[in-house]
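In what follows, a structure is listed as structure tokens, so that the remarks can point back to it.
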Amino acid sequence: MKEELAKRYEPKDFEQRIYADWERGQYFTPVADKDRPKFSIVIPPPNVTGRLHIGHALVNTLQDIIVRWKRMSGFNTLWLPGTDHAGIATQMVVERDLHQKGINRHDLGREKFVEKIWEWKESYGNQIIDQLKRLGASADWTRLRFTMDEGLSRAVRKVFVSLYNDGLIYRGVAMVNWCPHCRTAISDVEVEYRERSAKLYYIEYPVEGTDRRLTVATTRPETMLGDTALAVHPDDDRYKDLIGREAIVPIANRRVPIIADPILVDPEFGTGVVKVTPSHDRSDYEAGNRNNLPRLQVIDETGRMTREAGADFEGLDRFDARKKVVARLKDEGFLKEVKDYQHSVGVHGKCDTDIEPMISRQWFVKIEPLAKPAIDAVRDGTIQILPQAWESTYFNWMENIHDWTISRQLWWGHRIPAFYCANEHMTVSEEDITACPQCGSTEVRQETDVLDTWFSSGLWPFSTMGWPENTPDYQTFYPTDTLITGFDILFFWVARMIMFGLRFTGKAPFSQVFLNGLVRDEHGQKMSKTKGNVIDPLDVIEKYGADAVRFTLAVLTSGRDIPLAEARMQGYSAFANKIWNASRFAMMHLDIELKNAGRIDVDDLKVLERWILSRLNETTREVNRSLATYRFDEAANLIYQFFWHDFCDWYIEMTKPVLLGKHGSDRDRNNARRVLLEVLDRSLRLLHPFMPFITEEIWQKLGGVEPSVMVAPYPVFAEELSDADAERLIDTMKGIITRVRNLRAEKGFTPKDRFRLYVNYEVERDARFFSEYSYLLTELARLSEVHVNEQAPAGAFQDAVNGVAIAVELPEKVVTAEELEKTRRELEKSRKELEGVEGRLANEQFVNNAPPNVVAGAQARRAELMARIEKLEKNE
RNA sequence: GGCCCUGUAACUCAGCGGUUAGAGUGGCUGCUUUACACGCAGCAAGUCGGGGGUUCGAAUCCCUCCGGGGCCACCA
């Protein structure tokens, strides 16, 4: 051995050092090699303003597991990292920063402000990258991208201009979701709906020329100042006669028509009369268009009342205006009733401000022509979404998709490449222009709006590879293979990448999408600062090590939400500790290095060695299978189970006598050492994608050929290592040992009491096995003697394990009623089961219809049960 | 209103048509066993939400009821 492992497992002592080694070794950077198949994946770019939270930790752990697995499996692997400029979020952060220095972004002006953001990005923007490194992410940092890099910005312009020229981007006036706090339009998906308790106000509108009053219910009384009609259903007998008359808007004292609109009004709902405010409500806007109603804007882009709202309200915040309107209505006798009301309110997901529907001039993507091919790609299997249940969500959304509002009234982002001249001619161009191509005017100004952040992230899989240039990276690594991301950005990001990828590269940007769940607390609650149940990945990495954190996240990922508890990480750091100590033990007894260990000759090995290799081989096969289907939980559990229980609890204990020279020949001892090394080596490689640090720290000391375990080959199933016979024999031996152990506890004996064991096996070969390994039975079951195929003395306790008859000669002892009861129940259980199995076998339908292996299984089980019952009965 | 997920041991979850329903954590009883007390050995614990159906066979498929959760949708 090169060197010994430290006595204690202290992840802090080596994790960062090892990461630095990997970076120095440039193992994350794929080398151009046309002969090897490639595997590529792009990171869901975190916001530059981001600080690693548990969701990042999850999605990047999962990616890293797949990436390390593929890399070790021989693929030319690229994991391309980067960050997103995150328009609003970043602008807000820097604005807040400036605010503390008493500066307003308007004081600086656009250019200076954007400069400030770039400065901010240079100093703080890589924070999250460093944090991803702590987690062990093996992304190729030499290819780090940013959505506002020059190349990516060129891609944005190219796409914009192309869509514009194809008529798929247009500019127009429409009602959009407006955030009065951020003072920008946002798209439909950025609006989140929150259930809220509110009031429903019943307002009376006098009808001109009559003494009738129409009652209208609304949650937003302040908008009544902008009413330009009342509407009823044309077939509603209650109001039929009023259609065509005029009503008076209280407070404003304005006359508005009473119109009939069958689309807007549901006569069954509320009073059957609706106030129409075309400027401040989506459906009213449409009703206004249908009925040629005038628009009256009473709320401005900052959420304050306009002059149109009247002198009493002008300048008031919309919520203050609401109170004042209600008070006035009450005073003037127009407020009939106020009821508690539960409804959902649209808010801006980024800042939680109530959305104000607002008519404005914006840029839109005509989405249907893009959505169609994107639907087909998933439908025909070109792209597979996993877990599959998400496909219907995807279809549902894509089939009902609305045009995408892409312009934002922000300063930070990709400025829309449209130019206006003094004569208001508009030119959309990839290159900046200095003169108007239509009139030659040199007074040219660029559109002030920027693009939705998701517009540029929608190009991520190919813009990061150099598109629109046909770069070597683009040729080699595009399209990517898989995408791993949270389901929460299925619409924001995944759908748009599919649409853009198909349109601009002619290829699906990835063939598989794995959507991971949300990390929640141990009781399934969302993590939030107010609930105080947030787990900070950096904290827990500090406490338990990155390996334990990663393993925990992997083991909890079964495709659904992830209920995370710190206790779990504690548990898996215990696993890391176990690995550490088992390795330490192994290394104390190893005298060879991997690189000159030579091949193992399985035929030269005894059953015990063949058994552990067979178990490991089986585990290897299953781990590879599970990873191929993104079953991180299965894969992680398989390795855990094998390493801890098969390898540590059984194999190491069983090999100790030989290893310590207490049993067997030198040759046996050398074989044991060789196998110990082999199992450790393969286990570490198998485990590496999950726990990269500890596996590296240990594996390096095994003296392998490769400089790092991360570039060593990933274990694959090898036919010659499988040995069903060895598995059966050792299983039986384990069963016998366990039976003796629980007999000891069951009958109230102490570990010091030693028994004589009689094992009767009918097959000669198996009898030889038990004779050969009787020393192990003795050792692990704490026996005094083992007799194989000898008559057990009368009075010995009899049982059968896997069909092998055993008898244990227990020392004289008073047997309690409780102990007898236990034995009786054991027998009863077997009898009952036998009854079931026999019933099944007696059923012709079962024998005829069930697959042969199931029937054979039942028969074998019957034999086993019968043997067991026969023996157990003798104890009565 | 539409769509989707979900109810399995005290807790959190696997298992999703085939024998005896598993894991981690927790609980209980022993153990300083020469790598590890972040350990070892053993034990207890489940009418697989209720009901009905399909099947030789159902935790697993279908129906229904009850209970959780999510997404989408302009109900004033």
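We name chains A, B, ... by the order of the sequence lines, and we start the count at 1 in each one. What you see below is based on every heavy atom in this structure, not just the backbone, and it leaves out hydrogens, waters and symmetry mates.
Across B:G18, B:C71, B:C75, the shortest atom-to-atom separation from the side chain of A:T393 is found for B:C71. The listed nucleotides are B:G24, B:A23, B:C71; the one nearest the side chain of A:Y572 is B:G24. Minimum atom distance to the side chain of A:Q641 is reached by B:A23, of the listed B:C5, B:A23, B:A14.
Counting non-hydrogen atoms under 4.0 angstrom, A:F487 reaches nothing in the nucleic acid. Residue A:N843 is classed as a sugar-phosphate contact, given heavy-atom separations below 4.0 Å to backbone atoms only. Residue A:P851 is classed as a base contact, given a heavy-atom separation below 4.0 Å to a base. A:F395 comes within contact range of no nucleotide atom at all, as no heavy-atom separation falls under 4.0 Å. A:E833 comes within contact range of at least one nucleobase, with a heavy-atom separation under 4.0 Å. Residue contacts for A:V265: at a heavy-atom cut-off of 4.0 Å it reaches a base atom on one of the strands shown. The residue A:H402 sits apart from the nucleic acid: no heavy atom pair falls under 4.0 Å. When heavy atoms are screened at a 4.0 angstrom cut-off, A:G857 is found touching base atoms of the nucleic acid. When heavy atoms are screened at a 4.0 angstrom cut-off, A:L264 is found touching base atoms of the nucleic acid. As judged by a 4.0 angstrom heavy-atom cut-off over every strand, A:R840 is placed among residues touching the sugar-phosphate backbone only.
Not counting sequence neighbours, the partners of A:I489 by the side chain to side chain contact (heavy atoms under 4.5 Å, CB included) test are A:W454, A:T485, A:F492, A:W493. Looking at residues two or more places apart in sequence or on another chain, you find a ring pair (Phe, Tyr, Trp, His ring centres under 6.0 Å) between A:Y9 and A:W580.
A:R744 contributes a side-chain N or O that, together with a main-chain N or O of A:R782, makes up a donor-acceptor pair within less than 3.5 Å. Under the 3.5 Å distance criterion, the side-chain polar atoms of A:Q641 are left unmatched by any main-chain donor or acceptor of A:L638.
Inter-residue side-chain proximity for A:R673 and A:R669 is flagged as met; some heavy-atom pair is nearer than 4.5 Å.
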In the 5'-to-3' direction, what one-character label does each nucleotide of nucleotides 30-38 of chain B receive under the scheme B = base within less than 4.0 Å of a protein heavy atom, S = sugar-phosphate only, - = no such atom?
-> ----BBB-B

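Sequence order on RNA chain B of the closest nucleotides to A:P563 and A:A858 puts A:P563 first from the 5' end.
Comparing the same atom, C1', in B:A73 and in B:C56 gives a spacing of 47 Å after rounding to whole Å. Comparing the same atom, C1', in B:C13 and in B:G51 gives a spacing of 26 Å after rounding to whole Å. Annotation: B:A58 and B:G18 have their P atoms spaced 12 Å apart (nearest Å). Only the C1' atoms considered, B:C28 is 29 Å distant from B:U34, to the nearest whole Å. When the P atom is used for both B:C72 and B:U64, the distance is 26 Å, rounded to whole Å. For B:A41 and B:U47, the C1' atoms lie 32 Å apart once the distance is rounded to whole Å. B:A14 and B:C74: their C1' atoms are spaced 43 Å apart (whole Å). The gap from the C1' atom of B:G49 to that of B:U60 amounts to 15 Å, rounded to the nearest Å.
B:U12 atom P lies 17 Å from atom CE of A:M569, rounded to whole Å. In this structure, CZ of A:R631 is placed 14 Å from P of B:C13, rounded to the nearest angstrom. Atom CD of A:E844 is separated from atom C1' of B:G57 by 16 Å (rounded to the nearest Å). Between the CD atom of A:Q388 and the P atom of B:C16 there is a distance of 16 Å, rounded to whole Å. When rounded to the nearest whole Å, the span between CZ of A:R739 and P of B:U20 equals 20 Å. Rounded to whole Å, atom C1' of B:A14 lies 8 Å from atom CG of A:N637. Distance NZ (A:K339) to P (B:A76): 14 Å, rounded to an integer number of Å. A:D561 has its CG atom 8 Å from the C1' atom of B:G69, to the nearest Å.
Ion pairing between A:E835 and A:K832 fails under the 4.0 Å rule for side-chain N and carboxylate O. A salt bridge does not link A:E10 to A:K12: none of the charged side-chain nitrogens sits closer than 4.0 Å to a carboxylate oxygen. Using a 4.0 Å cut-off between charged side-chain N and carboxylate O, A:R861 and A:E833 make a salt bridge. A salt bridge does not link A:R825 to A:E828: none of the charged side-chain nitrogens sits closer than 4.0 Å to a carboxylate oxygen. In summary, A:E826 and A:R868 engage in a salt bridge, as defined by a charged side-chain N under 4.0 Å from a carboxylate O.
Taking the six-membered ring where the residue is Trp, the centroids of A:F755 and A:F797 are separated by 6.0 Å or more. Taking the centre of each ring, A:Y640 and A:Y572 come in below the 6.0 Å mark.
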Given the rule in the salt bridge (charged side-chain N to carboxylate O under 4.0 Å, His left out) test, do A:D354 and A:R196 qualify, once you have shown the distances and angles that lead to the verdict?
-> CA-CA 11 Å; A:D354 283 24; A:R196 209 181 275 172; 3.0 Å; yes

Show your working on salt bridge (charged side-chain N to carboxylate O under 4.0 Å, His left out) between A:K734 and A:E653 and close with a plain yes or no.
-> CA-CA 12 Å; A:K734 280 165 62 185; A:E653 292 311 317; over 6 Å; no

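Donor-acceptor pairing under 3.5 Å is recorded for the side chains of A:D753 and A:T750. A donor-acceptor contact under 3.5 angstrom links the side chains of A:R282 and A:N177, judged on distance only. Looking at A:S573 and A:Q570, their side chains never bring a donor and an acceptor atom within 3.5 Å of each other.
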Short N/O separations, protein against nucleotides 42-48 of chain B, under 3.5 angstrom:
| from | atom 1 | to | atom 2 | distance (Å) |
| --- | --- | --- | --- | --- |
| B:C43 | OP1 | A:N742 | ND2 | 3.2 |

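For A:S558, a side-chain nitrogen or oxygen approaches OP1 or OP2 of B:A14 to under 4.0 Å. At B:A76, none of the side-chain N or O atoms of A:Y201 fall inside 4.0 Å of OP1 or OP2 (strictly under the cut-off).
Base-pairing analysis of RNA chain B finds the following stems of at least three consecutive Watson-Crick or G-U pairs, with both pairing distances under 3.5 Å: B:1-7 with B:66-72, B:10-13 with B:22-25, B:27-31 with B:39-43, B:49-53 with B:61-65.
If you check residues 274-287 of chain A against RNA chain B, the residues with a heavy atom closer than 4.0 Å are A:V274, A:S283, listed by number.
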